[in-house]
Amino acid sequence: MTRTEQYRELRFDGVTKTFDGDVGVEDVTLSVTAGERVAIVGPSGAGKTTLLRLASGAVTPDSGTIRLDDDHLRSADVAHVYPGHTLVDRRTALANVLVGSSSSRSWWRGLFEPLAPRDPAPALELLDRVGIGEKADARTDTLSAGERQRVAFARALMQEAPVIVADEPTANLDPSSSTTVLDVLDDVAGSRTLLTVLHDMDLAVAHYDRIVGIVDGSVRFNRPTESTTAAELKELSARDDANTPAGHVTENQSFADADTPKQGTEKWYVPARYWK
Ligand SMILES: Nc1ncnc2c1ncn2[C@@H]1O[C@H](COP(=O)(O)OP(=O)(O)OP(=O)(O)O)[C@@H](O)[C@H]1O
């Protein structure tokens with residue numbers, strides 16, 4: 001059984017994770033109020049994804065704890081929104097969303113009902129909620145990048161977990177699709193807690209309650225969005241630009257193309273532009 005939203009706080013306490021001696025995150029202490037929208041920003045290699053992977057249980061901390069109130073966070077408490085390109089291309093949007101329900105099935109149901117047909121109604125409802133109900137029977141490789149991202153949201157939401165983590169949900173999207181997709185994510189997340197890694201500071205400021213800046217594995221700042229300063233964001237962005245070769249900015253696809261179907265193309269993120 002997954003926990004519902006009946007908790008007050010998601011808390012990282014002194015969390016450290018290293019990879020063969022390299023710091024992923026170091027001594028991270030972070031409190032997130034239930035239902036809060038938190039953007040995690042920072043230069044490339046800062047530890048943003050590691051933080052999300054720690055929350056989702058994909059990696060275990062070397063030290064420190066991650067809790068919902070007094071209970072250790074369990075992987076079933078966290079839905080991870082993987083990017084749209086992790087969908088199974090040859091399957092329909094509906095089939096991809098139904099995969100999400102497997103993660104929330106108890107082990108004993110999986111044992112005794114491995115072949116039980118799943119009720120498609122909740123998945124169809126979620127596809128409706130993310131605005132692509134009419135594409136339920138379309139193969140995901142015929143969908144646009146924005147539509148695929150919505151399918152990825154619906155898949156994650158099938159888990160009914162109280163915490164959602166999303167890693168770069170706007171990668172590959174043009175600015176207008178990015179805004180729409182973040183609006184959809186905010187809407188469907190409802191009262192759940194949402195942690196999102198973003199590279200674009202404008203989007204973080206526009207869509208999130210709190211911004212956590214990470215540099216070299218450590219929390220540099222952690223503030224409500226309205227009290228985050230342009231200087232703080234600029235510092236992170238300057239570091240990101242320094243880490244980002246010019247060739248990363250555009251690959252073979254323009255922004256205008258980003259909402260058209262694509263087959264395996266992957267564009268690097270656009271460096272943060274907050275102060276420009
Ligand atoms: N599985 C892993 N094995 C070895 N090192 C890793 C692994 N995962 C992360 N790291 C290292 O941990 C550090 C933080 O990586 P992480 O992916 O969390 O950064 P990030 O801020 O998400 O970067 P980006 O914005 O480029 O995605 C980096 O130095 C990275 O090389």
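Read the numbers this way: they start at 1 and go in the same order the structure lists the ligands and their atoms. All values below come from the heavy atoms of this structure, side chains included, with hydrogens, waters and symmetry mates left out.
Every atom of ligand 1 with a heavy atom of His199 under 4.0 Å away is listed here by number and element: 25 (O). Near Ala46, the atoms of ligand 1 lying under 4.0 angstrom from a non-hydrogen atom of the residue are 19 (O), 20 (P), 21 (O). Here is the list of ligand 1 atoms found below 4.0 Å of a heavy atom in Ser44: 23 (O), 24 (P), 25 (O), 26 (O). Close contacts of ligand 1 with Thr50, meaning ligand atoms under 4.0 Å from a residue heavy atom, involve 9 (C), 14 (C), 15 (O), 16 (P), 18 (O).
By the criterion of a heavy-atom distance under 4.0 Å, the backbone of Val23, and not its side chain, is placed next to ligand 1.
Under the rule for a side-chain contact (heavy atoms from CB on, under 4.5 Å), the partners of Asp69 that lie at least two apart in sequence or sit in another chain are Tyr7, Arg8, Glu9. By the salt bridge (Lys or Arg N to Asp or Glu O under 4.0 Å) test, Glu26 is found to be paired with no residue, residues two or more places apart in sequence or in another chain being considered.
Using a cutoff of 4.0 Å between basic side-chain nitrogens and carboxylate oxygens, Arg148 and Asp89 are scored as salt-bridged.
If you chain together hydrophobic residues whose side chains sit under 4.5 Å apart, Val215 and Val23 never meet in one group. Ile40 and Val59 fall within the same hydrophobic cluster, defined by Ile, Leu, Val, Met, Phe, Trp and Tyr side-chain heavy atoms under 4.5 Å apart, directly or through other members.
Looking at heavy atoms from C-beta onward, Arg150 lies out of side-chain contact with Lys135 at the 4.5 angstrom threshold.
In terms of N/O distances under 3.5 Å, ligand 1 is approached by Lys48.
Nearest-residue assignment for atom 28 (C) of ligand 1 (options Pro43, Ala171, Gly45; heavy-atom criterion): Gly45.
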